[in-house]
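Input: a single structure, listed below in structure tokens.
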Number of protein chains: 2
Amino acid sequence: MSKQIKVQPDDSTEQKIKNAAQKVFIQKGYSGTSTRDIADEAGINNALVNYYFRSKEKLFDIVMKEQVTTLFDKILPIVNNETTTLAQKIQAIIDYHTEVLLAQPGISLFVLSELHNQPERIAIYMQANRGLSRSVLARQFKEVKPDINPIQLIMTVMGMILFPFMGRYVFQRTSGLDNKEFDALLKERTKLVPALIKAMLED
Amino acid sequence: MSKQIKVQPDDSTEQKIKNAAQKVFIQKGYSGTSTRDIADEAGINNALVNYYFRSKEKLFDIVMKEQVTTLFDKILPIVNNETTTLAQKIQAIIDYHTEVLLAQPGISLFVLSELHNQPERIAIYMQANRGLSRSVLARQFKEVKPDINPIQLIMTVMGMILFPFMGRYVFQRTSGLDNKEFDALLKERTKLVPALIKAMLED
DNA sequence: GTCTATACAAAGATAGAC
DNA sequence: GTCTATCTTTGTATAGAC
């Protein structure tokens, strides 16, 4: 009698294709990926990619939109929270991005790279455009540092957190650290970076 | 009698192809670029690409190696200078990268992206591997901050400088600034970033 | 050295059988 | 809904004329 009531199956063919597409697109980029790669990764016939998503481009749009949302749109509630301090917001952004990227390390490089390769499509992906510079965070920053554009703060925080993930391969090589040790370094940055920003705000 | 003595012509067909390849590869990435794109950009027949460089892959290797050198290897003399202070080194790195990227804004995203897409070829491109962590700069940093891995400093500095160039399109959009204004912001960072790092070293 | 023409392979997409 | 087979386009590379 405890029958499941029509749960969306996460192992439906459509979902399998989407998951596979996300993985392969992030790894190889749009033009480096063939629809056959995706079909192979999903373990299904290559004709089904077109059957479910009409074209490679449409499937890519879906994946890309999701990653842009994860990277940018989801921090909007944080930066527009009226009840938190500036320092709390920064810490929250740092913690969020670190958590996301530890789970899916490739997305920041993927998103920025594809936006660079296809700037004419940026409008399709980015919706919350002026979200950052008109945010509560920007207003709070201006009260402390009226001479500095708030975008400088955003770029600084994001650069310090995201960049090590984007260049991980290089940095891990030059430092000789293994995966576990480097992960520890990345987590250490969730404390190191706020300390730096604190100095920026007080000085 | 004042005859030029065999100057390498920068407008030779071979050079035109290399210049075109650099431009197109940086714009579209390896797999997004066709040899016809390169030939068109160079204004020559597409057969000549293979004639001069044997294959797309070999041509790419040449371009890529050059960009990696520009981005990483060329700062080695700076970080290994025995006569400069830590703060001077950091300022020099910042000034160098800012200058390079203002002239050629795409290279950091290009290099990191291709290294990510083709990690198995990283050995071909990166030679000065342990250069950073065994540098004079690393030694000097350890004297001030023995508890922090010097790679944290490197990642922080590079992240703060390079990241705004990598996400320029996004940030310019969210800030509503035009090209000139955003360039000014980028230059402002050559002073803003060292001030932050100073706080990191003193605290 | 440079061009035209073309061979050859890879990739996106569709038709039609099951 | 899923498969096989195939059409078409695009892209890499080479042969051969000039």
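Since we're looking at a predicted model, the values are computed, not measured. All values below were derived from every heavy atom in this structure, side-chain atoms included, with hydrogens, water molecules and symmetry-related copies excluded. Chain naming here is simple, since letters A, B, ... match the order of the sequence lines and numbering starts at 1 in each.
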* To do: Can you figure out which of D:dT4, D:dG1, C:dC3 approaches the side chain of A:Tyr52 most closely?
  => D:dG1
* Structure fact -> Here the distance between atom P of C:dT2 and atom CZ of B:Phe53, to the nearest Å, is 12 Å
* Looking only at side-chain atoms of A:Ser34, point me to the closest of C:dA11, D:dC3, C:dA5. => C:dA11
* Using the benzene-type ring in the case of Trp, are the ring centres of B:Phe171 and B:Phe165 under 6.0 Å apart? -> no
* Structure fact -> Regarding the side chain of B:Tyr51, the nearest nucleotide among C:dT4, C:dT2, C:dG12 is C:dT2
* Options C:dA15, C:dC3, D:dT14, nucleotide nearest the side-chain atoms of B:Asn50 -> D:dT14
* Scan side-chain atoms only and decide if A:Glu181 and B:Asn149 contain a donor-acceptor pair under the 3.5 Å cut-off. => no
* Asked: Expressed in angstrom and rounded to an integer, what is the separation of A:Asp37 atom CG from C:dA13 atom P?
  -> 14 Å
* Measure from the side chain of A:Lys56, starting at C-beta and using heavy atoms only, and say which of C:dT14, C:dG12, C:dC3 lies closest. => C:dG12
* To do: Kindly indicate whether a cation-pi arrangement holds for B:Lys65 with B:Phe60, taking the cut-offs as under 6.0 Å to the six-membered ring centre and within 45° of the axis.
  => no
* Residue-phosphate contact under 4.0 Å: A:Asn45 side-chain N/O, D:dT4 OP1/OP2 -> yes
* Selected nucleotide, minimal atom distance to B:Thr13 side chain, candidates D:dA13, C:dT2, C:dA15 -> C:dT2
* Whole-Å gap separating P (D:dT10) and OH (A:Tyr30) -> 13 Å
* Structure fact -> Rounded to whole Å, the CD1-C1' distance (A:Ile38 to C:dA10) equals 15 Å
* To do: Let me know the distance between CD1 of B:Ile44 and C1' of C:dC3, rounded to the nearest Å.
  => 11 Å
* Looking only at side-chain N and O atoms, does A:Thr35 come under 4.0 Å of OP1 or OP2 in C:dG12? -> yes
* To do: Would you check if there is a donor-acceptor pair between the side chains of A:Asp11 and A:Gln15 at a distance under 3.5 Å?
  => no
* Asked: Do B:Asp37 and B:Lys28 meet the salt-bridge criterion of a basic N to acidic O distance under 4.0 Å?
  -> yes
* Asked: Atom CZ of A:Phe25 and atom C1' of C:dA11: how far apart are they, to the nearest Å?
  -> 13 Å
* **Selection from D:dC3, C:dA11, C:dC3 that lies nearest to any side-chain heavy atom of A:Arg36** => C:dA11
* To do: Quickly work out the B:Glu57 CD to C:dA10 P distance and round it to whole Å.
  => 14 Å
* **Between P of D:dT2 and CD of A:Glu14, the distance in whole Å** => 10 Å
* To do: Report which part of the nucleic acid B:Thr33 touches: base, sugar-phosphate, or nothing (heavy-atom distance under 4.0 Å, all strands).
  => sugar-phosphate
